[in-house]
Q: 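The structure follows.
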There are 2 protein chains.
Amino acid sequence: MPTPRTPRRTRTDAERNRDRVLEAARALFAESGHDVQMAEVARAASVGIGTLYRKFPTREALIEAIAERRTADLVAEARRLADTGDPAQGLAGFLYHVGQVLAEDRGMSEVIEKAMGSAEPRGETREALLTVVAELLGRARARGTVGQDVTAGDVNIVICGLAAVTRNAAGDWQRYVEIALDGLHPR
Amino acid sequence: MPTPRTPRRTRTDAERNRDRVLEAARALFAESGHDVQMAEVARAASVGIGTLYRKFPTREALIEAIAERRTADLVAEARRLADTGDPAQGLAGFLYHVGQVLAEDRGMSEVIEKAMGSAEPRGETREALLTVVAELLGRARARGTVGQDVTAGDVNIVICGLAAVTRNAAGDWQRYVEIALDGLHPR
DNA sequence: CGGAATCCGGAGTCCATATTCCGTATTATG
DNA sequence: CATAATACGGAATATGGACTCCGGATTCCG
C-alpha cells in the first residue's frame with residue numbers, strides 16, 4: 001500500500017525564517033527600492049541564501065509578496081476612512097496617508113506608480129485598491145468636495161504622480177497633494 | 001626634434017558614426033527608457049560596439065549626451081514661449097509641451113523626473129531649465145494665471161509628477177496637466 | 001598615389017548577481 | 001530517544017551585459 005501520507009505540521013523554524021525574510025526585505029525595499037540584492041536580503045534576515053530562495057523562488061515572488069501585504073494595508077486604511085463619517089477625511093485624508101506611506105517606502109512608491117498608472121493592475125489586492133479609491137471618490141463627489149466631472153482615472157493619475165514626487169522630492173509631497181486636491185475641487 | 005604635431009581634421013566617417021549612434025540611441029531610449037543594452041544601440045546604429053564605446057566611453061556618457069541635447073530643446077521652447085506675449089501660452093503652454101515630449105520619450109521622462117525632483121540638478125543645461133521655468137512662473141504670476149503663493153518648487157514637483165504620468169498612463173497626461181493647472185490657479 | 005594617422009569591428013574578458021545543489025543540521029512524531 | 005521528514009547554509013554554477021583590445025580597414029595629407 002503506497003502513500004500513507006501524514007502531512008506534518010510546518011516546522012516552526014521554517015515559519016520564523018519566512019517572517020524574518022519578509023521583514024528584512026520590507027525594510028530594505030522601503031529604504032532602497034526593489035533593486036536590492038538577494039544576498040543582502042538574506043544577510044539582513046540572518047538567513048542563508050538557500051533558505052531565502054526556498055521561501056521565495058524568485059526575486060519577483062518576494063517583491064510581489066511584500067507588495068501584496070503593503071497594498072492590503074493601504075486598502076484597509078482606505079476602507080477605514082471611507083467608513084468614518086469625518087468630512088475632513090475621506091479622499092483627501094487618503095491622499096495624505098498614501099503620501100506619508102510612500103515617502104517612507106521607496107519600494108511601495110514603485111508599486112503604486114505602476115498600479116495606478118497602467119491598465120493592467122494584476123492581483124486582486126491591487127484591484128481592490130482601485131475599487132476603494134473609486135468609492136472614496138464617489139463619497140467626495142457626493143459631498144461636493146471634488147468636482148462632479150472628476151473620474152476615478154483622474155484620481156489614479158494624481159496618485160501616480162504622487163508616487164513619483166515622494167520618490168524624488170520627498171520633502172514636498174504634501175504641497176503636491178494640496179495642489180492636486182485644489183485641482184480636483186469643483187470650480 | 002620631437003612633437004611636430006600637425007593635428008589632422010576629424011575623419012568624416014568618424015563624425016558620421018557619432019551622429020548615427022546619437023540618433024539610434026535617442027530613438028531606443030525614447031522607446032524603451034535608458035536600460036537598453038549597449039550592443040543593441042550599436043546594432044541599431046549600424047556600428048560596431050567598439051566604435052560605440054570610442055564615442056561614448058560609458059553608458060552613462062551616452063545617456064548624458066542625449067539628455068543634454070533634449071533638455072536644451074526643452075529650454076529653447078520654454079524661452080520661445082516666455083518671449084511670445086500670448087497669454088494663452090506661457091507656463092501652461094510649456095506644461096503641455098513637456099507632456100507631449102515626455103509622452104513620446106520614456107528616456108526623457110526619466111531624466112526630467114529626476115531633474116525636477118531632486119535637489120542636485122547636475123549640468124548647466126538642467127540648471128538652465130529650472131531657470132526658464134522659474135521665469136515662466138514669474139510671468140504667469142504677474143499675469144494672475146497662477147496664485148501669488150505658487151513657488152518654483154511647486155511647479156517643479158508638478159512636472160516631476162507629470163513625468164511619471166506620461167510614463168505610466170500615457171493617454172491621460174493632458175488631464176493631469178489640467179488638474180495641476182487648476183490646482184495652481186489663484187483661488 | 002604612398003604611408004601615416006585614425007578609425008573600425010566584434011570576439012573575448014571580466015564582473016556582478018541571480019539561482020541551483022546537496023551534504024548537514026534541526027524538528028516533528030511515536 | 002530514534003528516525004524519518006524537513007529545512008538550512010552557502011559554495012558552485014549560470015547568465016547577462018558592460019567594457020577592452022588589437023589586427024585590419026579607411027581616410028587624410030602632401
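Every chain is numbered from 1, with letters handed out A, B, ... down the list of sequences.
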Q: Can you see if the side chain of A:T51 gets near the phosphate of D:dG9 - specifically, an N or O under 4.0 Å from OP1 or OP2?
A: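 Looking at the OP1 and OP2 atoms of D:dG9, one of them is under 4.0 Å from a side-chain N or O of A:T51.
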
Q: Tell me: CG of B:D13 to P of D:dC28, nearest whole Å?
A: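 Result: 7 Å.
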
Q: What nitrogen or oxygen pairs link the protein and nucleotides 19-23 of chain D at under 3.5 Å?
A:
| unit_1 | atom_1 | unit_2 | atom_2 | d |
| --- | --- | --- | --- | --- |
| D:dC19 | OP2 | B:Y53 | OH | 3.4 |
| D:dC19 | OP2 | B:R59 | N | 3.2 |

Q: Rounded to whole Å, how long is the line connecting atom CD of A:Q37 with atom P of C:dA16?
A: 10 Å

Q: Which whole-number value in Å describes the distance from A:E40 CD to C:dA16 P?
A: 15 Å

Q: I need the single residue from B:E68, B:R70, B:R69 that forms a side chain to side chain donor-acceptor pair (under 3.5 Å) with B:T125. Which is it?
A: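 Looking at B:E68, B:R70, B:R69, the match for B:T125 under the side chain to side chain donor-acceptor pair (under 3.5 Å) is B:E68.
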
Q: Is it true that A:R18 and A:E15 have a side-chain N and a carboxylate O under 4.0 angstrom from each other?
A: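 Salt bridge between A:R18 and A:E15, a charged N being under 4.0 Å from a carboxylate O: no.
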
Q: Rounded to whole angstrom units, what separation is found between the CZ atom of B:R43 and the C1' atom of C:dG9?
A: 14 Å

Q: Check this one for me: any side-chain N or O of A:K55 less than 4.0 Å away from OP1 or OP2 of D:dC8?
A: yes

Q: Whole-Å distance between C:dT17 C1' and A:L62 CG?
A: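 Rounded to the whole Å, the gap is 15 Å.
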
Q: How many Å lie between CD on B:E15 and C1' on D:dT27, as a whole number?
A: 13 Å

Q: Does any part of the side chain of A:L52, heavy atoms only, come nearer than 4.5 Å to the side chain of A:L62, both counted from C-beta?
A: yes

Q: How are the rings of A:F29 and A:H34 set to each other: parallel, tilted or perpendicular (split at 30° and 60°)?
A: perpendicular

Q: If I take atom CG in residue B:L52 and atom P in nucleotide D:dG17, what distance separates them, rounded to the nearest angstrom?
A: 15 Å

Q: With a 4.0 Å limit, can you tell me whether A:N17 has a side-chain N or O closer than that to the phosphate oxygens OP1/OP2 of D:dA7?
A: no

Q: Inspect the contact between B:K114 and B:E110 and indicate whether a charged nitrogen and a carboxylate oxygen are less than 4.0 angstrom apart.
A: no

Q: Just to be sure I understand the rule, does B:R8 reach a base, reach only the sugar-phosphate, or reach nothing, if contact means heavy atoms closer than 4.0 Å?
A: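 Base: the residue B:R8, judged by heavy atoms under 4.0 Å, touches a nucleobase.
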
